[in-house]
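What follows is a single structure, written as structure tokens, with notes after it.
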Amino acid sequence: MPEAIIEARQVEKFYSQPHGGKVQVIAATDLAVYPGTILALLGPSGSGKSTLLRMLTGLSQPSSGEVVWHGNQLDGQVPNVAIVFQSFALYPWLTVLENVEAPLEARNVPPIVRRKRALKMLDVVGLDGFETAYPKELSGGMKQRVGFARALVVEPEVLFMDEPFSALDVLTAENLRNELLELWLNKKMPTTAIFIVTHNIEEAVLLADRVIVLGRNPGRIRADFEVKLPHFRDRKTSRFVELVDYIYKVMTQPDVEHVLPSTPVKPTPPSKAGYPMLPHARPGGIAGLLEMLEDRGGHEDLYRLAEESGMDVDDLLPIVEATTMLGFAKLQEGDVVISDAGKDFVNADILQRKILFRDAAVSRVPILSQMDSVLTRKSDHTIDLEFFHDILDEHFSEDEVKQQLETALHWGRYAEIFDYDAKTGKLFLPESGESASVSSTTTTP
């Protein structure tokens, strides 16, 4: 076990009463935050989650016990941490860039240095181009991205987050959770650990390596366990459902001691960093969605799209995800918005659509890019599909590998990245004559 970054040792919080008694908010508690982990703190309303966070960050002093930083007592000093709040807490009179620079200015960082660091962090969280915007011009999700950038710009050793997604709509919150995980897993965040306070059970199991559940009256730890599931996590796996059910019971049945389910259930990991999961959507569905968006002025509410197309939202989402993966659309506050590339696709003829789809797939979809590269470099321009099965087998379950390859075949054959012979199980480059006929359309006026 590595050395803890922050430790709470028998910390207690109570408030004195005029008659001499006291109200205990947090019972004597031990808690440690370790490097390389995301820790989620769950608990019902009034269990003292935010109070505990404030004590760990040095914003509030414990009534008894001590908080130590790398083994040394804080003694009133503020550790190297940053906090993201649910209320965004942006300065409305400052631009996005100025809001991100604010904590650096408070630390007397020179103007040129703080400007460079703020610009870099805005780029990391996907807000490049919005530097001069004011908070009133931003959506809720964009405001919270500013909050992320402002917290990360000080390069905290621990990033504390107090219900950061609770003020957002469901789709925006889900998108930001995924973006946070991508930054963390790809080590693009200048932070060593994340401590997130939440009331959302699924959010905790989706994000955290370790979950602590508080009881209340007074606040005390009722469960503390590791979530031994690989990222990114599938809500439908048996183990995920077991953990959610366990936390729910702990939170709703305070007088019952529950045992953490220990049945080893093999999870179904969607992917590792190198191979994001291909949404199971066909090119025809992607084209149809883009045409619907174009007919509606370029954007439409996701649920209205589902209703008008006669589909459940769960069935429409893979098509939306595929369209966004290819860069033909994006999600904004629950709306699907067509991109310039998507408009070009809609207005293109059949052959030009194939070219645009190919360019997007090869540049944005790792497995298709690798297929194209391998086939191009091989002298005979052929390879067994089994080769890519073995690659994906390191990242997905067997069932998911088959579905990933099926989707990749649909996309690749449609875009004429390759042809496939089902009898031999081989991929091969399209015949030169066919390739020339497609590529020649790029010069057709």
Side-chain angles (χ1 to χ4, degrees), residues 230 232 234 268-290 317-329 341-342 344-345 348-444:
F232 294 84
D234 185 352
T268 306
S271 87
K272 295 180 182 178
Y275 291 91
M277 178 178 284
L278 275 175
H280 303 307
R282 302 288 182 92
I286 295 169
L289 174 63
L290 291 171
L317 274 177
I319 303 175
V320 174
E321 291 170 3
T323 308
T324 58
M325 174 180 280
L326 292 166
F328 292 151
D344 291 340
F345 182 89
D349 61 28
I350 293 175
L351 292 179
Q352 289 172 328
R353 283 189 175 189
K354 287 177 176 285
I355 294 169
L356 293 173
F357 196 101
R358 176 196 172 94
D359 290 344
V362 170
S363 64
R364 301 173 70 96
V365 182
I367 187 63
L368 289 173
S369 176
Q370 189 168 23
M371 287 175 167
D372 177 65
S373 177
V374 170
L375 288 170
T376 301
R377 293 179 181 180
K378 283 202 69 189
S379 58
D380 61 357
H381 304 308
T382 66
I383 193 165
D384 289 333
L385 183 63
E386 190 69 19
F387 173 79
F388 298 101
H389 181 285
D390 291 344
I391 291 175
L392 293 178
D393 191 50
E394 297 297 319
H395 301 264
F396 303 94
S397 69
E398 177 61 26
D399 289 341
E400 187 57 46
V401 168
K402 293 178 181 178
Q403 293 189 63
Q404 289 293 296
L405 288 176
E406 180 182 351
T407 301
L409 286 175
H410 281 298
W411 289 23
R413 296 172 84 175
Y414 167 77
E416 299 190 19
I417 297 171
F418 50 72
D419 281 335
Y420 174 62
D421 187 334
K423 292 182 179 179
T424 63
K426 288 185 177 292
L427 297 174
F428 56 94
L429 288 182
E431 295 179 4
S432 59
E434 295 177 6
S435 299
S437 67
V438 173
S439 60
S440 66
T441 61
T442 58
T443 60
T444 301

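The distance from the CZ atom of Arg364 to the OG1 atom of Thr324 is 8.5 Å, given to the nearest 0.5 Å. Between the CG atom of Leu405 and the CG atom of Leu392 there is a distance of 5.5 Å, given to the nearest 0.5 Å. Within the model, atoms CG of Asp421 and OG1 of Thr382 stand 10.5 Å from one another, a figure rounded to the nearest 0.5 Å. Distance check, rounded to the nearest 0.5 Å: CD of Gln352 to CG of Asp344 gives 10.0 Å. Residue Ile417 holds its CD1 atom at 5.0 Å from CG of Leu368, rounded to the nearest 0.5 Å. Here the CD1 atom belonging to Ile319 is positioned 10.5 Å from the CG atom belonging to Leu290, to the nearest 0.5 angstrom.
Counting only heavy atoms from C-beta outward, the side chains of Phe388 and Ile383 approach each other to under 4.5 Å.
Annotation for Ala322 and Trp411: closest pair CB-CZ2, 3.6 Å, computed over non-hydrogen atoms. Between His389 and Val401 the shortest heavy-atom distance is CD2-CG1, 3.4 Å. Looking at every heavy atom in both residues, Lys354 comes nearest to Tyr414 through NZ-O, 2.9 Å. For the pair Thr376 and His381, the tightest heavy-atom approach, listed with the atom from each and the gap, is O-CE1, 3.3 Å. In this structure, Gly327 and Ala341 approach most closely via the heavy-atom pair O-CB, 3.8 Å. The two atoms that bring Pro318 and Ala281 nearest to each other are O-CB, 3.8 Å, heavy atoms only.
Annotation: side chain to side chain donor-acceptor pair (under 3.5 Å) contacts of Arg282 (sequence neighbours excluded): His410. Not counting sequence neighbours, the partners of Tyr420 by the side chain to side chain contact (heavy atoms under 4.5 Å, CB included) test are Leu385, Leu409, Arg413, Ala422, Leu427. Under the rule for a side chain to side chain donor-acceptor pair (under 3.5 Å), the partners of Thr407 that lie at least two apart in sequence or sit in another chain are His280.
For residues 375-384, the pairs satisfying salt bridge (Lys or Arg N to Asp or Glu O under 4.0 Å) are Lys378-Asp380, Asp384-Lys426, with sequence neighbours left out.
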For residues 355-363, which side-chain N or O atoms pair as donor and acceptor with protein atoms under 3.5 Å away, sequence neighbours left out?
unit_1, atom_1, unit_2, atom_2, d
Arg358, NH1, Glu416, O, 3.2
Arg358, NH2, Asp372, OD1, 3.0
Ser363, OG, Asp359, O, 2.8
Ser363, OG, Ala360, O, 3.2

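The backbone N or O of Ser369 sits nowhere less than 3.5 Å from a side-chain atom of Ser373 that would complete a donor-acceptor pair.
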